[in-house]
Amino acid sequence: VTRLEERIRSGLQETAERIPETAPVRETRRLRSSRPAGVWAAVAAVAAVLVLFTPILFFGGSEPGTTSAGDPQSPFLGTWVTTDFLSTMVIEASEDTSVEMIVHDFFPVCRGASTMTGIGRLQTENELVFPAPVLTCDDGSQPETISGPPIEEELQNLTLTRDPATDILTDNFGKVWTREGADLNREPTAPPSEADVTELLNGFLEARVAGDAAQQYLNVPEEDIPLLYATSSGALYDRSEFEPVRGIEWPYGLTAFKVQLFAGATVVEQLFFIPPQGRLGLDYVPDGFGTDIAPTTEDGQPVVRAYNAFDGEVTLHVAHPWVFRSDSGAIRLIPEGPGVQPTTDGGERNDWDELVMMADPAPVEPDCQTGPSPADAEALAESIRSFPDLEATAPVAVAAGGADGLMMDVVIAAGATVCETGILNLVFDTNAEIKVDNGVATGRATGDWMRLYLFDAPEGSSMRVMAMAIVAPESRFDVAVEAAAPVVASIEFHTP
Amino acid sequence: LVYRNKVSVTAEDDFDVFYQTWRSPIRRSLALALGDVGLADEAVDEAMTRAVARWDTVRGYDRPEGWLYRVGLNWARGVFRKRRYELLSDLEASSQAWDDPLPDPDLIEAVGRLSLKLRTVVVARHHLDFSTAEVAEALGIPEGTVKSRLARALHQLSQELGEPL
């Protein structure tokens, strides 16, 4: 070991030791409240696993809380733990018919620990409502709400819904709570047998052909399955088949199946997944986990889905190989070709081509300070063209969805310094050196090309300019732009 | 020959030990690599959540903590991309800097000037104390790439710090 290496080692170790320990703060409030159903499918799968782990991790497998028979509130009493490890909740009977609740670290809105208390009453047999919970920071500071309404307003009528079959609570923020000391052996740990899987799929498909109650076979019953009981023309299904899909198991251990539903000569195909653990059920993943298999086709053509953006002010219609990633807000082009590895390695592939929308993107000054939003598409186009190190074609007038706009192609040389804010974020290289200073990150340009559409939003919109960008390396740029054409043409603006 | 004891240790026990053992070191490594403690907090918890969801697979890896480090890094890189959608602006408010004086500020600043690719390798090698083979496995890159990145990082640090190689 050289002296330099020793200095690196000791410097890193000593610096690391000065990083204070903190409680887990995995999710921000806004992310939590915006998680879509598809993500909750994954959360539900995690929850099933955590039913096994949580009590051991945090309570040493202690005995279940006591409840008194005959008390309608008793199923809710006891100590509960969220499946994301973040929060604990104690519910105790009060002197009257109400219950008292104490929750630790419900929201990460304090610099340290927080405590929430409240008085609740049963609204229905399986719903417990707390009209006005109070959350305080344990260090005496005020909770900081970064976005959304004040915390006390957001917490009003906090509702816990209990599933009597599983003894699991879900609150209206989507948190899943399991009971301290839950039965560890309730969930199967072995992978489902072939017979069980066959029975599940047969039941699901028979229900779809019968036109009723197919959702019970899903891990997330409220998942929006395209063409669930009929084709796009309304024809009912008359028969079905399924077959396993190999090669996309790693490393989640998912089992994939392609199901086929027939309505006369029309064939609907869909991709479903079965998790290796937990409740035996089917998952439909709108992006198919990024495989090169369209999640739903009708007569071989990918089914178009409508997606809303900007609180419904913009609608797009997207079909495979474009996929909409609700968790990131991105519309991405699945890499082409058979045998492409799925993006199920626990991280995210970095080289997907993207179609990105932004409302009123701010021009970014060379020093990375954010300037005021341009008044219209033309002003934004001019500000972009004036940025140093940037090449742009002359804007061309376009129209889509009833809005007028400009189209231009933009290139910043790979390695040029760019900011991660504003429209230049689209070519910000997250693999290169990144400097973060007061929340502003600067880095290097990827060298990707951008096709920019800058639309003047209709009168009455909450935004002045809606920017849409197709971002791809030069080598794939033409293909991505061509593939994006139907998506761009599908834009619809809706004024409130 | 060392056998991993997969018979008598249950998955639940296994993950409990893994969580207690590795959350803090990986979090600190991510903070060093990313230069952002708040982001590291988010990244390690996200990675742990993914680990528990597929623990039966992850526990079979030779170095599950290496997988955890990579997943945390991948997730954090995604944050920079996601910021374009302004979904994660809350993160900036939760970021925090080191309050105490750093023991070797010149070194930390020089490490901070390394590209993220070089920095992640340096932190894995010199903070997590992984061998070059283990770094390669953790980051999913060839060992030769690890060695070349380490060499480039050491060269850059040597020049910036005025230390001989």
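First the proteins, then the strands, lettered A, B, ... as listed; each starts at 1.
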Self-check item: Derivation of the side chain to side chain contact (heavy atoms under 4.5 Å, CB included) call for Thr15(A) and Leu107(B)
Solution: CA-CA 10 Å; Thr15(A) 302; Leu107(B) 173 86; over 6 Å; no
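Between atom CG of residue Leu157(B) and atom CG of residue Leu4(A) there is a gap of 6.0 Å, rounded to the nearest 0.5 Å. The OG atom of Ser158(B) sits 11.0 Å away from atom CD of Glu5(A), with the distance rounded to the nearest 0.5 Å. Atoms CD and OG1, on Glu163(B) and Thr2(A) in that order, are 8.0 Å from each other to the nearest 0.5 Å.
Residues Asp104(B) and Leu12(A) are not in side-chain contact: their nearest non-hydrogen atoms beyond the backbone lie 4.5 Å or more apart.
Of the two parts of Leu150(B), neither the backbone nor the side chain holds a non-hydrogen atom closer than 4.5 Å to a non-hydrogen atom of chain A. Within the 4.5 angstrom heavy-atom criterion, no atom of Val44(B) approaches chain A. Contacts between Pro164(B) and chain A at a heavy-atom distance below 4.5 Å involve the backbone alone (N, CA, C, O).
The only option from Arg9(A), Arg7(A), Gln13(A) that meets the side-chain contact (heavy atoms from CB on, under 4.5 Å) definition with His126(B) turns out to be Arg9(A).
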